[in-house]
Asks: 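If you scroll down you'll find the structure; I have some questions about it.
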Amino acid sequence: MASQATVQSPSTSTSTVRATDSARLLSPPPPPRSYSQPPRPYQELLSRICDGGIAAGIALMAQFLMAGIQLVLNMNSNVEFPPSVVAMAAIFGLFCACGCIFPGTEEFYQSRLKRPADLLNRHMSIGFTIPFLMICNGSLKDGWVIGPIIGCFVLTGLFNTILSYVLALPLQCLMVRWDSGNWDSADIETGTSATNQQQRRNSKIRAAVESVCESMDTDDFSMAATPPKSLTPEPETTSTQPTSCLVTLKLWALANPMLLLTWTLTVTVGVPLRLCLALDTPLSTLLLFALWLSTLAIQSALKTSPYLRPFFRTLFSGLFNAVLWTSLCMTAYLLLDGHFSSRSLQDMLSTLKTDHPFSSAVLKNLSVPMTAGDVALSILNAGLVSWGLKLYEYRLQLLSRAGLTVFTVSSLLALGNVSCGPLLAHLIGVAPNNRALSFAARSVTLALGNPVLDTLGADKSLNAAMVVVSGILFQMGLGFGIGRFLERHLLINISLGGKQNRQNENDPTTVAAGVTVGINAAAMGTAYLYETKSDAAPYSALSMMALGVMTVVFSTIGPLVRWVLQSVA
């Protein structure tokens, strides 16, 4: 890390410090328990309820903020920009400004808003299930087009992967050789010394490993977050008697209260309303949330199972993607309900349309009923707005030399995807035009890709399928060691003046690896890097967001959009 190369410890090496920190993170000492305090599971449950309430408040405020921004944009017909992205930028700017004025902004964010924001980001991927599900709506019913789509998917994946690394590596080399005194990352908040900034940066990067992994792993198709350690039975107990099934069930219920609540409401509320009043929305909405939480719980169990070898844990947890299996289960529900109600699959899919999210309902008519897809899309948009808080958390990396590399490479790749992706798909033979246009956001996380697809009129279901499959392949490839194999046998290590530079967080190979994973694997690859405590993880998260934002920006340029549409016509 850059700061570790600058601030030398007088008595210990960087590797020793990292090893000590990792050991302390992996094996925290059990805190002493007091009989005057409530049991830890109940304390954690109350904390999670509080975080959930704050997250709901953030989501509601995000909806009203997007509605206000959309109202302003509607007044100027010449401006077409996704209100969710504008709201995200506004949140980031607001917190940066507050950080310059109020020294306690960082402490307030870490203590009050970080966990609720992570919770919201963790479950925003539920909004991806409906677009992915819509692939059943006749998008690929003509099988002859599947071959060109697969061919273009593979080619664009190879191009993006190679270009992102080839561009990031030499550019970061130039950044490292530049006068570092002009490029040191400075804290946005005033009144902190260089040493304090260094300590805060190290502590923030290490502390963000668990929370960011939880927020990103289902922030775009990745693996579910493991339950809090305080809600699972501790392997070391003071009693020699085995834990009873009742205690185990109680601990599991405390760790999964929303899972139990959604299934209970599905059975006691959703099913009766569907059978007695023929209301589709309550049952489909509750079932969507119940299936989503169930798949996350199963995926978490697979990822941490002591009965599976690491190879199979990586394989099964990667294949058991939350978006994929939730969509498949919802498809089974639609087929079953359609069979009993004598409705076609297309008619059943129409009951899940995402045409009326909450932010739009605020501007138009709140009395119009919302579908399950509208509810999921509202959560997705709220999670996207909360990414402004995540950008504030990573402001140190964003304003560093590596941050400039991330932004530059992400911008170039975004421009290439928007301008050349649909053209390449059209030349290969992908048809009709809306399928070719979906390659403009081929590897963009769907939270930011949806506005681009709306602007171009592209096929959302095909794009969702490509992003999901790409994330799964990259995550599994990283888990199986492909990245380490390439680093050992194919990549050339560039010396920059000694071994200590290899431990620099601005190390070109580290930044290039993070950019490559973030641009091509989105959140699944980012989550894997955080789980393995890789130094490249922050740059992967930043490149994922930068690629999406710049893709949205380029899709709002009128001449470029018209040229792309004419090229595939």
Asks: So Leu291 and Trp263, do their side chains get closer than 4.5 Å, heavy atoms only?
Replies: yes
Asks: Indicate whether any N or O donor in one side chain lies under 3.5 Å from an N or O acceptor in the other, for Asp347 and Ser350.
Replies: no
Asks: Under the 3.5 angstrom rule, does the side chain of Thr262 hit a backbone N or O of Met258 as a donor-acceptor pair?
Replies: yes
Asks: Quick check for you: to the nearest 0.5 Å, what is the distance between Met66 atom CE and Leu73 atom CG?
Replies: 12.5 Å
Asks: Where is the tightest heavy-atom contact between Phe474 and Ala521, given as atom of each residue plus distance?
Replies: CB-CB, 3.2 Å
Asks: Are Asp374 and Thr371 close enough, and set up right, to give a side-chain hydrogen bond (donor to acceptor under 3.5 Å, both in side chains), and what steps lead you there?
Replies: CA-CA 5 Å; Asp374 295 329; Thr371 65; 3.1 Å; yes
Asks: Evaluate Leu293 against His123 for side-chain contact (heavy atoms from CB on, under 4.5 Å), listing each step before the verdict.
Replies: CA-CA 9 Å; Leu293 295 175; His123 295 289; 3.8 Å; yes
Asks: Decide whether a cation-pi geometry holds between Arg442 and Phe439; the criteria are a distance under 6.0 Å from NZ or CZ to the six-membered ring centre and an angle within 45° of the ring axis.
Replies: no
Asks: Side-chain contact, heavy-atom cut-off 4.5 Å: Leu349 with Met134?
Replies: yes
Asks: For residues Met88 and Val85, determine if any side-chain heavy atom of one lies less than 4.5 Å from a side-chain heavy atom of the other.
Replies: yes
Asks: Backbone N or O of Gly518 within a donor-acceptor pair of the Ser540 side chain at under 3.5 Å?
Replies: yes
Asks: Should the ring pair Trp325 and Phe320 be called parallel, tilted or perpendicular, given that the plane angle runs from 0 to 90° and is split at 30 and 60?
Replies: parallel
Asks: Does the side chain of Leu334 reach to within under 4.5 Å of the side chain of Leu352, using non-hydrogen atoms?
Replies: yes
Asks: Tell me the closest heavy-atom pair linking Ala441 and Leu453, and the distance in Å.
Replies: CB-CD2, 4.4 Å
Asks: Atom CD of Glu393 and atom OH of Tyr109: how far apart are they, to the nearest 0.5 Å?
Replies: 4.0 Å
Asks: Does the side chain of Trp387 reach to within under 4.5 Å of the side chain of Val549, using non-hydrogen atoms?
Replies: no
Asks: Give the C-alpha distance, both sets of side-chain angles, the deciding distance and a yes or no for side-chain contact (heavy atoms from CB on, under 4.5 Å) between Val452 and Phe554.
Replies: CA-CA 9 Å; Val452 179; Phe554 289 127; over 6 Å; no
Asks: Between atom OG of Ser386 and atom CG of Leu113, what is the distance when rounded to the nearest 0.5 Å?
Replies: 10.5 Å
Asks: Looking only at heavy atoms, which two atoms of Ala361 and His356 are closest? And how far apart?
Replies: CB-NE2, 3.4 Å
Asks: For the pair Ser410 (side chain) and Val406 (backbone), establish whether a donor and an acceptor sit closer than 3.5 Å, ignoring hydrogens and angles.
Replies: yes
Asks: Counting only heavy atoms not in Tyr333, do more than 12 fall under 6.0 Å of its OH?
Replies: yes
Asks: Check whether Thr351 reaches the backbone of Asp280 with its side chain - one donor and one acceptor, N or O, closer than 3.5 Å.
Replies: no
Asks: Given 3.5 Å as the limit, does a donor-acceptor pair link the side chain of Asn256 with the main chain of Leu259, or not?
Replies: no
Asks: Would a distance-only check, ignoring hydrogens and angles, find a side-chain to backbone donor-acceptor pair under 3.5 Å from Arg48 to Ala255?
Replies: yes
Asks: Would you say Asn463's side chain and Ser438's backbone share a donor-acceptor pair under 3.5 angstrom?
Replies: yes
Asks: Mark yes or no for whether Asn74, through its side chain, and Gln70, through its backbone, hold a donor-acceptor pair below 3.5 Å.
Replies: yes
Asks: Do Leu448 and Leu384 touch side chain to side chain, with heavy atoms closer than 4.5 Å?
Replies: yes
Asks: Tell me the closest heavy-atom pair linking Thr455 and Ser555, and the distance in Å.
Replies: CG2-O, 3.4 Å
Asks: Is a side-chain N or O of Asp118 found less than 3.5 angstrom from the main chain of Arg115, in a donor-acceptor match?
Replies: no
Asks: Kindly give the heavy-atom pair with the smallest separation between Ala55 and Leu120, and that separation in Å.
Replies: O-CD2, 4.3 Å
Asks: So which atom in Asn160 and which in Ser443 form the shortest heavy-atom distance, rounded to 0.1 Å?
Replies: ND2-OG, 4.1 Å
Asks: Would you say the side chain of Lys460 lies within less than 4.5 Å of the side chain of Asp454, judging by non-hydrogen atoms?
Replies: yes
Asks: Quick one: do Leu273 and Leu283 satisfy side-chain contact (heavy atoms from CB on, under 4.5 Å)? Show the steps, please.
Replies: CA-CA 7 Å; Leu273 289 178; Leu283 177 59; over 6 Å; no
Asks: Sub-3.5 Å donor-acceptor pair from the side chain of Thr551 to the main-chain atoms of Leu547, do we have one?
Replies: yes
Asks: When you compare the side chain of Leu71 with that of Leu363, does any pair of heavy atoms fall below 4.5 Å?
Replies: yes
Asks: Nearest 0.5 Å, please: how far is CD in Gln299 from CG in Leu319?
Replies: 10.0 Å
Asks: Show your reasoning for whether side-chain contact (heavy atoms from CB on, under 4.5 Å) applies to Leu265 and Phe289.
Replies: CA-CA 11 Å; Leu265 292 177; Phe289 280 93; over 6 Å; no
Asks: Can you tell me how far apart CG (Leu380) and CD1 (Ile126) are? Round to the nearest 0.5 Å.
Replies: 10.5 Å
Asks: When rounded to the nearest 0.5 angstrom, what distance separates CG in Leu288 from OG in Ser327?
Replies: 8.5 Å
